[in-house]
Amino acid sequence: MRKFLVSVLLLILSNSLIYAQDDSLHLVIDPQGHSSVVRRAVFSSDNHKVYSVSEDKTLRVWDVATGTLEATFWGDHNNGKEGRYNALAISPDNKLLAVGGYLPQNEIRIINLSTGKQIASLLGHENIISDLEFSSDGEYLASSSADKTVRIWYIPFLDNDVFEEEPFENFRLQEHTNTVYNLDFSEDGTRLVTCSFDGTVRMYSLSVGMKSATIMKVWETDDRFTNVDISLDNKYVVAGNSKGKVFVWNTNGTEVATLIDPEGFITSLNFSDDSEKLLLTDAKGNLFFYDTEAWLKDEQLSSDKGVFFYADFAKGNKNYCVASNGSNGNIEIWDIPNQKIIRSFEGQGVTVNQLSKISDESIAFASLKDEELNFNFSDVDLKYPQAQNEVKGLSISKDGQMLNKTGSFQLDYNGVVIKNDRNRDKDIRAFGFLGDKIVVGSGASLKVYQLDGQLSHTLEGHSGSIKELTSLKNERYLVSSSDDQTIKIWNIESGELLLTLFISKSNEWVVWSPKGYYHASAGGEQYIGWLINSGLGELGEFHKVNFASKEFHRKDIIHQIFKKGNFQEVENAFNLSSVDIKDLAENRPQIHWVSPEMFTVADNNTVNIQAKVVSQLPVKTFKLLVDGRPLEIGKGLVEVSQDSGYVYEINESIEVKKHQTSLQLFVENEEVNIISSPRKISKLSDQNMDIGFDLKELTERSLTLDKSNIYLLSIGISNYQMSSIDLGYADKDATSIADLYASQNRSKVFNEVKIKKIINEEANKNSIIGGFDWLKQGVGENDLAIVFIAAHGVNYKGDFYIIPHDFSMNQIQETALKWDEFADVLSELPSQVLLYVDACNSGQLGSNFSSTNNTEDIRKLSSDENGVVIMSGSTGSETSLESEQWGHGAFTAAILEGLGQGKADYSGDQIITLRELDLFVAMKVKELTENKQHPTTQKPSTISTMNVGEFITK
């Protein structure tokens, strides 16, 4: 595919570098959403998508109807600001995205949305890009920059997904004397307005063909202008400055009004499409709406997540807006008249607070909602504490002398002054003594000094402000937390970064070394990956870390790195060979789609899937993922051998039953695997459905278009043949879950509910296997298969088992139900699959059994290639609890309250999603058990959303 570089540039990348020494290779977090400030969030022209760019160096695409993340485009990742995005514009036909910011060569990237590929680089600006805007016909792009110029670019039409000719710069404007911060085209393409830190707003008249521009009007103040917009009816120009003033002028030049409600830096302002409303955001966290007839404030919104950085109206509808707010990258869609959030797009990462030491091997911290957690780096496991003695942070006194903060950028110790660079280090956030060193954590740096003030180390690794500091290993290790949502462990003497820890909102976690070795909870692997910078003209190449899990998933190595404090020693002890991640990435099979090229299918609802797979090694697994569910490819797969590797051709026809279906390919060879980016296929009848610009209808429509049947297999065993291990409420749990889903029959989101219940004496091994056969024979593609299991679960000789009623200690493997015996069935079902598992452990089974730890089994079953969603009643090392007070196990009691009583319906739409139920059950079980039990949910990344029930009012 052609790439147009609008400048002469030759970029040579070395292919010989390995690990972190390769500047083009980085191990980064992917919290499934933004992890830093979102600078732009805009609707597509039909309001079906929201596109956002962030300082976290990603561009993300969100589906408005389902509220889910649809795609991520990765830019280059480098230390510091380089790679951050400031600006985003979408072409009126929804085919192209333009993005810019702190990019190499001040590049403006042009991305083809149908292919997900960058197809052009616009080069010429000499400093960072501050704003981008397409003309209303999509033929031109305007860019503003800190180089004090505005440039107008010609954007050609697409021909087979590439430009039919080379884009080029039409002309530039150079009248501003400081950063040009914002700009806007008039709807008819005859005018351009710009604003600058030089205190001026300029309005230009554009020539036909946009070959030149002449100044029509200049407005001046003493303060920096930060945002400007021109109404679509060409009647008003509005501009805001850094002091909170917003000026309104007629386009003939006269002042109409001055808006004084805002405070501080005006972060955004935009007119509605009918020009009747203006919204603006300021640095104090306000979102204002004004009536443009009288220029009076209509509404004011506020959020508990922090400052609004950007907001814009929905297309064609002034009753809705999208807004980004907070340092963690939250995006919300607001119903303005009702002052209600109808969609929230956010990542799963959290910024750690209250970091402290509880032992030489463990730290304590508060994450989501100030929940206190522990992480033990020797055990490599997350803990849920009951009570503990904590050491808060680092000491700020030594030998009777205090380390004092004498200013935002300066410390003083016994006459020794340590001073930060205002621009490079930013302000000091955390500091203290660690042994005979002084550690200083700041807004943009982490540094270690000798007691005489001499710099010892600059610790490179965090990409956000330092939050808190503490120590481990008898003050040999420094522990730091940051706004970048990670905790890092450093060897204070050598300055070596040893380990990094990420915790998700659901308390999934992953810990890794700079060389890529890692360990994770069952669902934690999805949150990190290798990013390979591709250089100018190409987006970054992202590989989930588990693509090479056979080589790098090593708990033992993580343990030893923490123990020894030096990776070289561990490398020598394990005789580790140097594995080049880029070589492994190159060994991933390459997937080349042939069809479907279109995003719609014919009236017969069939789609032909054609693709070519090229692999350096023989491929052992092919799966077509339909809405995240695996479908084995059989007759449609043909292998063709070539000297350069192995080529496979796929030709498969499937029936599309839903109004929108996502298709992906999973391919695995002997070393690594790959999952293709999704292809969204819509039915023609739904594609042509006219819903106008009503976001309420759009968000609710998907609930009724794809109603499914439920097949529920509910298993509960309280009474055992071996009575000493009887449970109290497992049978009642299974019965109540069956009754709950029976009430879902013919509801808003489900059609028929079919139930098979197996409890107590009926629940022998054969009948349970028969229940899974019943699912296999009955479930179809458009159904939802649910399995509920409440029983004993144990590990025996390395395998996890569910204990049936007729279990015998003398014939364990013959009478107990091995996890793999039903996991294989669930992974092969064509429908979406939800497994509720509440496996209690009995110590009376004897020393041959270990505790109920099925973490690795859950990891495998909930992986992308198997596609099963699993809600487990407790973590792998915990025991599930039941009580007469609840009349159920805690897990079941929480499900019944969340679904049956509707308490998990946080959105208020009576539809309960997996995400809502997961959140409610986690909090409720913790409350019921007084923090002794903690449910977990594992969802494959290929499944974006799942409706698990409807709250039916009596």
Side-chain angles (χ1 to χ4, degrees), residues 522 711-727 729-731 733-735 737-738 755-779 785-829 833-846 848-862 866 868-874 876 879-880 889 891-892 938:
Y711 283 77
L712 170 65
L713 174 62
S714 191
I715 302 167
I717 311 169
S718 291
N719 302 329
Y720 279 89
Q721 186 172 280
M722 184 177 167
S723 61
S724 60
I725 62 170
D726 282 355
L727 295 170
Y729 297 98
D731 55 347
D733 289 349
T735 297
I737 292 294
I755 298 172
K756 189 174 185 64
K757 183 175 64 175
I758 308 174
I759 62 172
N760 292 332
E761 290 79 7
E762 300 172 357
N764 57 52
K765 182 177 179 179
N766 288 336
S767 64
I768 293 174
I769 292 175
F772 285 101
D773 288 339
W774 170 77
L775 284 177
K776 190 174 181 179
Q777 293 168 11
V779 171
I786 302 176
V787 176
F788 177 87
I789 302 175
H792 280 298
V794 293
N795 287 85
Y796 176 70
K797 291 187 177 180
D799 292 316
F800 182 72
Y801 291 85
I802 296 295
I803 304 301
H805 166 78
D806 59 344
F807 164 75
S808 170
M809 289 285 288
N810 297 324
Q811 294 179 299
I812 295 169
Q813 292 171 313
E814 290 78 10
T815 58
L817 183 67
K818 192 175 179 180
W819 178 274
D820 290 348
E821 292 182 76
F822 63 87
D824 289 344
V825 174
L826 296 183
S827 66
E828 293 172 0
L829 292 177
V833 181
L834 171 60
L835 170 61
Y836 297 109
V837 57
D838 198 20
C840 305
N841 177 65
S842 174
Q844 297 175 358
L845 287 174
N848 288 331
F849 295 89
S850 61
S851 62
T852 316
N853 196 329
N854 56 350
T855 300
E856 294 307 315
D857 300 285
I858 287 176
R859 187 197 309 278
K860 180 180 177 182
L861 186 56
S862 62
N866 289 320
V868 176
V869 176
I870 303 174
M871 290 190 71
S872 179
S874 57
T879 295
S880 293
F891 181 57
T892 300
Q938 278 75 44

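Residue numbers start at 1 and run along the sequence shown.
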**Q** How long is the gap from CG on Asp799 to CG on Asp820, to the nearest 0.5 Å?
**A** 6.5 Å

**Q** For Ser714 and Ala734, which heavy atoms make the closest approach, and how far apart are they?
**A** OG-O, 2.7 Å

**Q** Ignoring hydrogens, what is the shortest heavy-atom contact between Ala839 and Ser880? Give both atom names and the distance.
**A** O-OG, 3.9 Å

**Q** Do any pairs count as a side-chain hydrogen bond (donor to acceptor under 3.5 Å, both in side chains) and have a residue in residues 762-776, sequence neighbours left out, and if so which ones?
**A** Asn764-Ser767

**Q** Considering only residues two or more places apart or on different chains, which pairs with a residue in residues 801-815 satisfy side-chain hydrogen bond (donor to acceptor under 3.5 Å, both in side chains)?
**A** none

**Q** Look at the side chain of Asp726 and the backbone N and O of Tyr720, then say whether any donor-acceptor pair between them is shorter than 3.5 Å.
**A** yes

**Q** Taking side chain as C-beta onward, heavy atoms only, is Val787 less than 4.5 Å from Val837?
**A** no

**Q** Between Ala738 and Ile755, what is the shortest heavy-atom contact and its length?
**A** O-CD1, 3.3 Å

**Q** Considering only heavy atoms from C-beta outward, does the side chain of Ile802 approach that of Phe822 to under 4.5 Å?
**A** yes

**Q** Do the side chains of Val779 and Val833 get nearer than 4.5 Å, heavy atoms only?
**A** no

**Q** Any side-chain heavy-atom pair from Asp733 and Phe891 closer than 4.5 angstrom?
**A** no

**Q** State the CD-OH distance between Gln777 and Tyr711, to the nearest 0.5 angstrom.
**A** 10.5 Å

**Q** Tell me the closest heavy-atom pair linking Ile758 and Gly771, and the distance in Å.
**A** CD1-CA, 4.3 Å

**Q** Do the side chain of Thr855 and the main chain of Ala522 share a donor and acceptor less than 3.5 angstrom apart?
**A** no

**Q** Which value, rounded to the nearest 0.5 Å, describes the distance between Leu775 atom CG and Leu712 atom CG?
**A** 8.5 Å

**Q** In the structure I gave you, are the side-chain heavy atoms of Glu821 and Phe772 within less than 4.5 Å of one another anywhere?
**A** no

**Q** I'd like to check the side-chain hydrogen bond (donor to acceptor under 3.5 Å, both in side chains) partners of Ser827; sequence neighbours left out, ordered by chain and number.
**A** none

**Q** Does the pair Phe807 and His792 meet the rule for a ring-ring contact (aromatic ring centres under 6.0 Å, His included), with working shown?
**A** CA-CA 10 Å; Phe807 164 75; His792 280 298; 9.1 Å; no

**Q** So do Thr892 and Phe788 actually touch side chain to side chain, heavy atoms under 4.5 Å?
**A** yes

**Q** Measure the NZ-CG distance between Lys818 and Asp824 for me, rounded to the nearest 0.5 Å.
**A** 10.0 Å

**Q** Looking at side-chain heavy atoms only, is the closest gap between Ile803 and Ile717 below 4.5 Å?
**A** no

**Q** Measure the spacing between CG of Leu835 and CD1 of Ile789 and express it to the nearest 0.5 Å.
**A** 5.5 Å

**Q** Once rounded to the nearest 0.5 Å, what's the spacing between atom OG of Ser874 and atom CG of Asp838?
**A** 6.5 Å

**Q** So which atom in Ala730 and which in Ala790 form the shortest heavy-atom distance, rounded to 0.1 Å?
**A** CB-O, 3.4 Å

